[in-house]
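The block underneath contains the structure these notes are about, expressed in structure tokens.
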Amino acid sequence: MLVALSAAIVTLLTRSAPRLQRGLSLLGGVGYLLAVVALGQRVLGGGPVAYQLSNWDAPFGITLVADELAVFMLGLAALVAVAAVTFSVFYLDEFGQRLSYHPLFHFMLVGVSGSFLTGDVFNLFVWFEVMLMPSYVLVVFYSGPEHTRAALIYTVLNLVGSAIMLVAIGGLYATTGTLNMADMARRLGNASAYGIDPTPVLGIATILFAVFALKAGIVPFQFWVPSAYRAAPAPVAAVLAGITKKVGIYAIVRLYFTVFATATLPAGLGLPGLSGTSFLAFFGPVMFLMAAASIVLGGLAAVNQPDLDGVFAHSSIGQVGFIVLPLAVGATVSATVGGQSVAVLGIVAALVYSLNHAVAKALLFMTSGAVFETVGSIKFRDLGGLTGEAPYLSGAFFVGGLALVGIPPLAGFFGKMLVFDAAGRATIAGAPFAPLALGVALFGAILTIAYVSRTWSRGFWGEPTAMVLEGSPQYALVTVTALLALTLVAIGVGFEFVFSFAEAAAEAAVDSQGYVDVVDPTTASEALNATGNASATGEGGGETHRLGDRALEVVR
């Protein structure tokens with residue numbers, strides 16, 4: 001966070017020296033990546049760490065928590081951020097560079113980092129706002145009528161969502177007596193001892209879920225996505241799709257699998273056909289319906305778009321459905337016998353798919369920007385024949401498209417395999433809609449093949465048009481997209497490490513008691529309610545359920 005904040009400040013102070021500003025912005029992006037790597041080594045090697053600001057002990061002070069889940073998401077953000085800021089330096093004209101673009105970019109990264117690291121719900125709201133305020137300006141960066149309209153929709157919807165989120169947070173404080181996530185998990189796990197009525201907590205959690213779904217662009221809250229992604233500059237669209245969407249996904253995983261999972265449903269509020277009394281059992285079917293709708297509607301809309309950005313924007317709606325789908329089946333069976341391992345697998349699938357989507361979609365939006373700079377258009381009627389005129393740029397798109405489709409050895413293949421594996425295991429564990437989830441995932445995979453193939457054949461294959469022949473390749477932009485394509489290949493080739501990292505992150509997400517102990521070790525002796533605890537331990541307090549070699553065999 002300090003690296004991103006420092007980069008934002010120094011780039012703001014050096015606006016009068018454009019070259020220095022751009023150099024410092026690049027340095028800030030690389031420094032951010034290195035800081036995340038250092039934090040990751042510390043957490044993976046020595047375990048999660050918590051930092052109490054101003055030395056005020058939890059739950060009264062502001063807590064920052066870096067566990068495997070937070071670090072995984074930070075790593076995802078760092079990869080995309082470095083590529084995006086590098087692309088920006090060569091993509092935007094000098095006037096655009098001086099319009100506070102770089103300070104806004106790094107301030108947005110500060111908000112993203114704070115969202116992943118915060119240990120209390122109110123500061124989650126604060127960091128959301130720090131992230132969103134720069135993004136409002138960046139969406140309207142070009143200032144045309146279309147951009148202004150898109151930014152207005154994006155801003156108004158997010159402001160309404162933020163207002164609702166703030167009210168819901170106030171309700172959480174009124175009902176649980178705390179906003180610290182670890183303390184809230186502890187109290188909800190033993191609600192009767194703290195005089196907490198779970199019924200209003202469930203209602204507030206439902207409201208918050210709608211807000212996070214809006215931030216992530218999940219159906220039916222997806223209507224801001226296409227216009228915002230079309231309006232924003234290519235590197236900004238890459239960050240919106242690759243990073244900011246994932247903040248909403250992270251909030252769902254952290255709050256619902258770590259915090260609210262410790263709570264028990266009030267009598268009579270369980271949904272028909274579901275096993276278990278955890279809050280997760282209630283939200284599982286809700287996640288499934290939203291994920292399925294996202295996959296189908298996003299995929300169908302992407303098939304019939306007239307330009308590259310349209311395909312990629314609507315594709316993002318469908319792809320986020322693939323991320324939420326394994327969370328849904330895992331949540332539904334988490335409280336059943338053997339269901340805990342399915343929940344962990346579901347989160348692993350969501351994290352791996354998030355990583356693949358973040359890098360691949362960033363690559364595709366930057367490819368679209370490079371095509372526009374080369375040809376002057378991204379409409380299919382003006383494209384064609386780019387494989388001959390711009391082979392490296394076409395190759396970068398090809399790798400990104402294959403990653404979305406899920407072709408080995410790219411990470412998208414492993415992500416899709418894990419999604420299908422989670423749905424299959426949930427079917428065995430008795431999730432009522434798990435077989436339907438398999439069907440939806442298969443249909444979504446077919447739609448992905450359809451719109452990627454159409455984009456390739458109409459945009460890159462065939463005979464070049466006059467505009468393509470007159471175009472001049474922008475080699476710096478092509479180089480950035482090529483490096484991102486190589487990153488996708490590297491993630492797939494080195495997937496064993498990625499899988500182990502994602503598995504550790506998933507186990508951290510469901511280990512509620514472990515999260516409590518990291519934030520406030522003095523409460524370690526206070527056990528969470530066994531029926532509501534979503535920790536990764538067995539019923540008898542045995543060893544942690546690990547997917548280990550069995551799941552790795554599947555993805556191999």
Side-chain angles (χ1 to χ4, degrees), residues 48 50 52 57-61 63 65 67 69 118-122 124 168-209 251-270 274-284 331 333-337 339-340 343-344 507-545:
Q52 312 293 346
D57 292 337
F60 308 107
T63 303
V65 185
D67 64 356
L69 175 61
T118 185
D120 70 85
V121 183
F122 177 75
L124 181 63
I169 289 171
L172 276 180
Y173 184 71
T175 53
T176 65
T178 185
L179 292 175
N180 183 278
M181 293 183 192
D183 193 38
M184 190 178 296
R186 181 169 59 89
R187 289 169 179 248
L188 289 175
N190 196 7
S192 59
Y194 289 95
I196 298 174
D197 183 358
T199 303
V201 177
L202 179 63
I204 294 166
T206 304
I207 295 171
L208 277 177
F209 186 85
I252 290 173
V253 174
R254 175 60 78 201
L255 279 178
Y256 294 83
F257 284 83
T258 306
V259 179
F260 293 136
T262 64
T264 302
L265 285 172
L269 288 184
L274 296 181
S275 302
T277 58
S278 168
F279 270 25
L280 274 178
F282 179 88
F283 284 103
V333 300
S334 61
T336 64
V337 176
Q340 193 67 24
V344 173
E507 289 171 348
V510 300
D511 187 7
S512 302
Q513 185 60 53
Y515 188 78
V516 171
D517 295 345
V518 168
V519 174
D520 189 2
T522 62
T523 64
S525 60
E526 263 187 84
L528 293 171
N529 186 299
T531 59
N533 184 15
S535 71
T537 58
E539 291 184 0
E543 295 183 354
T544 301
H545 286 293

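- Rounding to the nearest 0.5 Å gives a distance of 10.5 Å between OG1 of Thr175 and CZ of Arg187.
- Closest approach of Ile204 to Ala168, counting heavy atoms only: CG2-O, 3.2 Å.
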Step by step, work out the side chain to side chain contact (heavy atoms under 4.5 Å, CB included) result for Phe260 and Leu280. CA-CA 7 Å; Phe260 293 136; Leu280 274 178; over 6 Å; no
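- Of all heavy-atom pairs between Gly284 and Ala331, the closest is CA-CB, 4.0 Å.
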Apply side chain to side chain contact (heavy atoms under 4.5 Å, CB included) to the pair Phe279 and Val201, showing each step before the final yes or no. CA-CA 10 Å; Phe279 270 25; Val201 177; 3.9 Å; yes
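- Looking at Leu124, Val65, Asp67 one by one, the single match for side chain to side chain contact (heavy atoms under 4.5 Å, CB included) with Arg254 turns out to be Asp67.
- When the salt bridge (Lys or Arg N to Asp or Glu O under 4.0 Å) test is applied to Asp120, no partner is found at least two apart in sequence or on another chain.
- Here CG of Leu208 is found 10.5 Å from CD1 of Ile252. Values are rounded to the nearest 0.5 Å.
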Might you work through the side chain to side chain contact (heavy atoms under 4.5 Å, CB included) test for Leu188 and Ile196, ending with a clear yes or no? CA-CA 7 Å; Leu188 289 175; Ile196 298 174; 4.2 Å; yes
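- In this structure, Leu202 CG and Thr206 OG1 are separated by 4.5 Å, a value rounded to the nearest 0.5 Å.
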Check step by step if side chain to side chain contact (heavy atoms under 4.5 Å, CB included) holds for Val121 and Val259. CA-CA 10 Å; Val121 183; Val259 179; over 6 Å; no
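- Without hydrogens or angle criteria, Thr262 side chain to Ala185 main chain gives a donor-acceptor distance under 3.5 Å.
- Side-chain atoms of Thr258 do not come within 3.5 Å of backbone N or O of Leu255 as any donor-acceptor pair.
- Atom CG in Asp197 sits 12.0 Å away from atom OG1 in Thr176 (nearest 0.5 Å).
- For the atom pair OH (Tyr173) and CG (Asn180), the distance works out to 12.0 Å, reported to the nearest 0.5 Å.
- Residue Val519 comes nearest to Gln52 through the heavy atom pair O-NE2, 3.1 Å, listed as atom of the first residue, atom of the second, then distance.
- Pairing each heavy atom of Ala182 with each of Val516, the nearest pair is O-CG2, 3.3 Å.
- Under the 3.5 Å distance criterion, the side-chain polar atoms of Tyr256 are matched with a main-chain donor or acceptor of Ala205.
- Atom CG of Asp517 sits about 10.5 Å away from atom OG of Ser512, to the nearest 0.5 Å.
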